[in-house]
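What follows is a set of notes on a single structure, which appears directly below.
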Amino acid sequence: MNNSTPSALTIAGSDPSGGAGLQADLKTFQAHSVYGMCVVTLITAQNTAGVSKVELLAPELISQQLESVLRDIPPSVIKTGALGSASIIELVSSYLATQVSPIVVDPVMVSKHGHSLAEDSAVTALKRHLLPIATIITPNRFEAEQLTGVKIDSIASALVACKSLHDSGAAEVVLKMGCFEGEQLLIHSMRDRYEIYRKPHLDTRSLHGTGCVLSALLTSHLALGNTSLQAVAAANDSLHNSIRHAPRLGEAFKNGSGFGPVGTNHFKSAANR
C-alpha cells in the first residue's frame, strides 16, 4: 500500500451474517478502493431473524488492537459503531482524542431487531467522551432521542435535537429519520446551516445494516477526499439504491419474519466509476 492509498478504520462489533457491523463496513470500504482495517469491540450471534447473543471483548484486548493499528497504519478516517459499554467508549475515546483523522461516530445502541447493543450507562459516556471529538455523528431518530431527550416528531424537533448534539460537541450531525411523512428523510446539520435529503419510501424489509452501511459509505467518501456535503449526498444516493436492489437473502426474511440485508448496488456503482 503506497502513501497515497486512502484508508479507513472501523471500531465496531461483528455480525457473522455480514449484513451489518464491521463486515458491512469493510465490504463498503473495499468497494470504494479504500483500504479497510477493523478493531473488534464485541461479538454477536445474529442473522436476518435477530440477535441471540452479545459478548463484549475485554478492554485490554481492544486496547491492544487499537495500539497495533494506530502506530502502524494511520487511517485517513476513523468510524465507530457498536461499542457496547461505558468503559469501552471511554477507552476508545482516549485513543481517538490523540488522532488528527476525521471521526465518524455511528452511536449504535439497538439492532434492527430491537436487541440492545449497549448498556444504559453507555449513553452518558458517549455524550461525555465521544461526541466532543466527533467530526460527524450519524444517529437514527431513536438514538438521537436517547442522546438528547428530545421527542422527534417533526423536522423542527429534529433540528432541535441536532442543536443539542452540536452543544454536546459534535461538529456535524447526519440524522437518519428513516420513513418520515411518507418519504425517506435524512438531515445533515452543520451548526450554522442544514440540508434535508428526501427519497421516495421503499416498501421493503431489506433494511438490515442500513445505519452501518450509510456511515461506512460516508466514511469512504471522506477518505477519498470529498467534503462532508459531497460525502453525505453520495452516501444517501448509494444507500437508497442498495435498498432498492437488495438480494432478498435469509430464510427469516423470505417467510416475512426477518430483516434482509441491504443490497450490493453501492459496491457495483463504485466498481463502475
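All residue numbers in this chain count up from 1 along the given sequence.
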Problem - Under 3.5 Å: donor-acceptor pair, side chain of Q65, backbone of V40 - result: yes
Problem - side chain to side chain contact (heavy atoms under 4.5 Å, CB included) partner of I137, chosen from L147, T80, L130, V174 - result: L147
Problem - Donor on one side chain, acceptor on other, H201 and Q184, under 3.5 Å - result: yes
Problem - CD-CD distance between E145 and E143, expressed to the nearest 0.5 angstrom - result: 10.5 Å
Practice task
Could you tell me whether the side chain of S52 and the main chain of A45 form a donor-acceptor pair under 3.5 Å?
Solution key: yes
Problem - Residue among L218, L9, T219, V34 satisfying side chain to side chain contact (heavy atoms under 4.5 Å, CB included) with V77 - result: T219
Handout entry: G19 backbone acceptor or donor facing D15 side chain under 3.5 Å
Key = yes
Problem - Greater than 12 external heavy atoms within 6.0 Å of Q30's CD - result: no
Handout entry: Heavy-atom pair with the smallest gap, counting every atom of L56 and G84
Key = CD2-CA, 3.9 Å
Fill in the blank from the handout: What one should report as the nearest heavy-atom pair of A170 and R191 is O-NH2, 3.4 Å
Practice task
For S76 and P102, work out which heavy atoms get closest and say how close.
Solution key: O-CD, 3.2 Å
Handout entry: Side-chain (S101) to main-chain (P75) donor-acceptor, under 3.5 angstrom
Key = yes
Completion exercise
Note: H166 and M190 closest approach over all heavy atoms is NE2-N, 4.1 Å
Exercise for the section: Tell me yes or no: between the side chains of H188 and N236, is some donor less than 3.5 Å from an acceptor? Expected result: no
Practice task
Looking only at non-hydrogen atoms, find the nearest pair between F29 and K79 and report the distance.
Solution key: CZ-CD, 4.5 Å
Handout entry: Backbone of A235 reached by a side-chain donor or acceptor of S238 within 3.5 Å
Key = no
Handout entry: T41: which of I11, L61, V108 passes side chain to side chain contact (heavy atoms under 4.5 Å, CB included)
Key = I11
Problem - By side-chain hydrogen bond (donor to acceptor under 3.5 Å, both in side chains) - contacts of E67 (at least two apart) - result: Y95
Exercise for the section: Please answer whether the main-chain N or O of D153 pairs with a side-chain N or O of S157 as donor and acceptor at a distance below 3.5 Å. Expected result: yes
Practice task
Take atom CG of D192 as the centre, draw a 6.0 Å sphere, and report whether it contains more than 12 heavy atoms from other residues, nucleotides or ligands.
Solution key: yes
Exercise for the section: Take L186 and L214 through the test side-chain contact (heavy atoms from CB on, under 4.5 Å) and record every step on the way to the result. Expected result: CA-CA 11 Å; L186 190 75; L214 179 69; 3.9 Å; yes
Completion exercise
To the nearest 0.5 Å, atom CD1 of I243 lies from atom CG of L202 at 6.5 Å
Problem - K151 atom NZ: more than 12 heavy-atom contacts under 6.0 Å - result: no
Problem - Donor-acceptor pair between T135 and E172 side chains, under 3.5 angstrom - result: no
Exercise for the section: Indicate whether any N or O donor in one side chain lies under 3.5 Å from an N or O acceptor in the other, for D106 and T138. Expected result: yes
Exercise for the section: Check whether any side-chain heavy atom of R128 lies under 4.5 Å from a side-chain heavy atom of E90, and answer yes or no. Expected result: no
Practice task
Any pair with a residue in residues 231-244 that passes salt bridge (Lys or Arg N to Asp or Glu O under 4.0 Å), sequence neighbours left out, goes on the list, sorted by first then second residue, please.
Solution key: K199-D237
Practice task
For the pair S168 (side chain) and S164 (backbone), establish whether a donor and an acceptor sit closer than 3.5 Å, ignoring hydrogens and angles.
Solution key: yes
Exercise for the section: Taking all heavy atoms of M37 and all of Y35, pick out the closest pair and write down the distance. Expected result: CG-CE2, 3.6 Å
